K.L.:
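Here it is, the structure in full.
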Amino acid sequence: MDYTQLGRTGTSVSRIVLGTMNFGDRTSEEDAFAIMDRALELGVNFFDTANGYGGASGRGATEEIIGRWLTARPGVRDDLVLATKVHSPMQDPGPDGDAVNARGASAWQVRREVIGSLRRLQTDRIDLYQFHHIDRHISWQEMWQAMEVLVARGEVLYTGSSNFAAWNIAQANEIASQRHFLGLVSEQSLYNLVQRSIELEVIPAAQNYGLGILPWSPLAGGLLSGGSTDAKARSAAAGITSQREERRDQLDAYESFARERGWTPSALGLSWLLHQPGVTGPIVGPRTVEQLESAVSALEISLGEDDLRALDEMFPGPGGQAPEAYAW
């Protein structure tokens with residue numbers, strides 16, 4: 001396993017991040033336990049989840065699975081960098097619910113949800129607590145005050161963002177600096193060979209402020225995985241199947257490029273991200289141990305300049321960062 005620092009922090013994390021969104025939905029608890037066990041064996045020490053994950057098993061179910069796994073393995077917790085998120089509503093609107101306030105990143109919601117996540121995860125702290133989306137209805141002063149309290153209490157170590165625009169990152173960290181607070185240390189963004197728009201501004205902003213980029217959907221929802229006959233696979237979904245047909249020539253060229261070099265398409269897609277500036281590690285969401293092992297094999301691929309140039313020709317990016325990408 002290869003490791004790097006999490007943004008500008010002194011904490012080392014694996015360059016493959018274990019995403020857990022499938023746990024409790026497409027992956028049974030037994031299989032989730034096996035995946036987490038194997039991740040530790042492979043040196044993966046960075047686990048990512050969210051309060052709202054759980055799918056068919058219900059919101060919070062994924063954190064509960066991780067919590068039961070941690071409890072069954074005493075001593076493992078201190079070997080992990082555990083990340084979760086806040087923003088998603090944890091209940092449906094209704095006469096008996098708190099739907100008016102039970103979403104977003106207000107101080108009220110952050111305090112309530114950190115208690116819930118700690119309980120479900122059966123841990124005393126969250127190593128990386130992330131704003132799952134930007135909340136445009138409250139001020140950064142309120143958000144940072146809430147986070148400062150959690151850090152002071154030892155319930156949160158670092159804060160991160162997900163799905164933020166570049167100016168959100170700049171605003172957040174400038175205000176954090178004014179408050180003498182560390183601020184955001186990571187940004188989770190949609191990033192893969194098919195979707196490269198964060199190269200315009202998000203990546204330059206993240207690098208300037210010392211945030212590590214954590215790409216989610218690194219294989220474009222399975223589009224870059226080479227396809228699957230498994231009905232549970234995301235790549236088998238109607239939307240991805242349709243996109244595969246629309247991009248048939250492009251994907252055929254990509255898959256041939258990978259296999260001619262002895263690589264799987266999925267490992268190549270992850271390796272490309274590992275070669276991009278500012279990327280800490282892609283978040284992979286394996287449903288099986290075999291998929292996890294395949295993802296980790298991406299670390300063995302070294303892409304030369306010719307390889308990277310060929311991939312750029314197959315999947316053109318926006319042309320670099322703004323404004324040079326679209327201006328003289």
Side-chain angles (χ1 to χ4, degrees), residues 2 14-19 21-22 26 42 44 163 188-203 213-321 325-326:
D2 295 335
S14 52
R15 296 215 66 201
I16 295 294
V17 186
L18 177 62
M21 189 169 68
N22 286 321
R26 297 168 184 260
L42 292 169
V44 176
N163 307 304
Q188 280 196 32
S189 283
L190 174 62
Y191 190 31
N192 51 59
L193 272 166
V194 175
Q195 176 51 263
R196 298 176 56 175
S197 59
I198 71 166
E199 294 172 6
L200 284 166
E201 298 194 40
V202 173
I203 289 179
I213 294 288
L214 306 173
W216 62 265
S217 194
L219 299 178
L223 197 62
L224 299 170
S225 67
S228 174
T229 57
D230 186 345
K232 287 187 176 182
R234 294 185 187 277
S235 58
I240 297 298
T241 300
S242 176
Q243 288 185 58
R244 286 192 66 83
E245 288 306 313
E246 293 173 6
R247 293 177 175 268
R248 172 55 53 195
D249 292 343
Q250 183 185 41
L251 293 174
D252 283 347
Y254 169 73
E255 292 165 14
S256 295
F257 179 89
R259 289 176 176 133
E260 286 169 4
R261 290 158 177 76
W263 307 326
T264 64
S266 57
L268 174 58
L270 296 174
S271 178
W272 179 83
L273 284 168
L274 290 166
H275 283 75
Q276 301 311 300
V279 170
T280 295
I283 302 170
V284 302
R287 290 182 303 100
T288 66
V289 168
E290 292 73 23
Q291 288 179 352
L292 172 65
E293 292 171 341
S294 175
V296 171
S297 73
L299 294 165
E300 301 171 5
I301 298 176
S302 178
L303 299 176
E305 291 184 8
D306 290 344
D307 296 321
L308 293 170
R309 191 177 302 110
L311 290 168
D312 278 338
E313 291 173 358
M314 281 184 245
F315 298 95
Q321 71 180 64
Y326 46 78

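Positions are given from 1, in the same order as the sequence printed here. Values below: every heavy atom of this structure, side chains too, minus hydrogens, waters and symmetry copies. What you see is a predicted model, and the numbers here were worked out from it, not measured in a lab.
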K.L.:
Side chains of Arg244 and Leu251: closer than 4.5 Å at any heavy-atom pair?
P.N.:
yes
K.L.:
Determine, for Arg309 against Asp312, whether the closest basic-nitrogen to carboxylate-oxygen distance falls under 4.0 angstrom.
P.N.:
no
K.L.:
Which pair of heavy atoms, one from Tyr254 and one from Gly269, lies closest together, and at what distance?
P.N.:
OH-N, 2.9 Å
K.L.:
Any side-chain heavy atom of Leu224 within less than 4.5 Å of one from Phe315?
P.N.:
yes
K.L.:
Quick one: list whatever passes side chain to side chain donor-acceptor pair (under 3.5 Å) with Asp249, sequence neighbours left out.
P.N.:
none
K.L.:
Below 4.5 Å, heavy atoms only, C-beta onward: do Leu190 and Ile198 meet side chain to side chain?
P.N.:
no
K.L.:
Give a yes or no answer on whether the side chain of Gln276 reaches the backbone of Trp272 with a donor-acceptor pair at less than 3.5 Å.
P.N.:
yes
K.L.:
Please identify each residue that fulfils side chain to side chain donor-acceptor pair (under 3.5 Å) with Asp252, with sequence neighbours left out.
P.N.:
Arg248
K.L.:
Nearest heavy-atom pair of Gly19 and Ile283: which atoms, and what distance?
P.N.:
CA-CG2, 3.5 Å
K.L.:
Pair up each side-chain donor or acceptor in residues 294-304 with any protein partner under 3.5 Å, not counting sequence neighbours, and list the distances.
P.N.:
unit_1 : atom_1 : unit_2 : atom_2 : d
Ser297 : OG     : Ser294 : O      : 2.5

K.L.:
Can you check whether Pro282 reaches Leu274 side chain to side chain, under 4.5 Å on heavy atoms?
P.N.:
yes
K.L.:
What's the spacing between Leu273 CG and Leu268 CG if we round to 0.5 Å?
P.N.:
10.0 Å
K.L.:
Any donor and acceptor pair, going by atom type alone, linking the side chain of Gln250 with main-chain N or O of Met314 inside 3.5 Å?
P.N.:
yes
K.L.:
Looking only at non-hydrogen atoms, find the nearest pair between Ser225 and Gly222 and report the distance.
P.N.:
OG-O, 2.6 Å
K.L.:
Looking only at non-hydrogen atoms, find the nearest pair between Leu292 and Pro286 and report the distance.
P.N.:
N-CB, 3.6 Å
K.L.:
Taking all atoms of both residues into account, what is the closest heavy-atom pair of Val202 and Ser189, and its distance?
P.N.:
CG1-OG, 3.8 Å
K.L.:
Has Asp2 got a side-chain atom pairing as donor or acceptor with Arg15's backbone, closer than 3.5 angstrom?
P.N.:
no
K.L.:
Pairs in or reaching into residues 288-313: which pass ring pair (Phe, Tyr, Trp, His ring centres under 6.0 Å), with residues at least two apart or in two chains?
P.N.:
none
K.L.:
Restricting to non-hydrogen atoms, name the atom on Leu219 and the atom on Ser266 that form the minimum distance, rounded to 0.1 Å.
P.N.:
CD2-O, 3.4 Å
K.L.:
Distance from Met21 atom CE to Trp216 atom CH2, nearest 0.5 Å?
P.N.:
8.0 Å
K.L.:
Kindly write out the residues that satisfy side chain to side chain donor-acceptor pair (under 3.5 Å) with Ser14, not counting sequence neighbours, or none if the list is empty.
P.N.:
Asn45
K.L.:
For the backbone of Ser217 and the side chain of Asn192, can you confirm whether one donor and one acceptor N or O come within less than 3.5 Å of each other?
P.N.:
yes
K.L.:
Any pair with a residue in residues 258-282 that passes salt bridge (Lys or Arg N to Asp or Glu O under 4.0 Å), sequence neighbours left out, goes on the list, sorted by first then second residue, please.
P.N.:
Glu255-Arg259, Arg261-Asp307
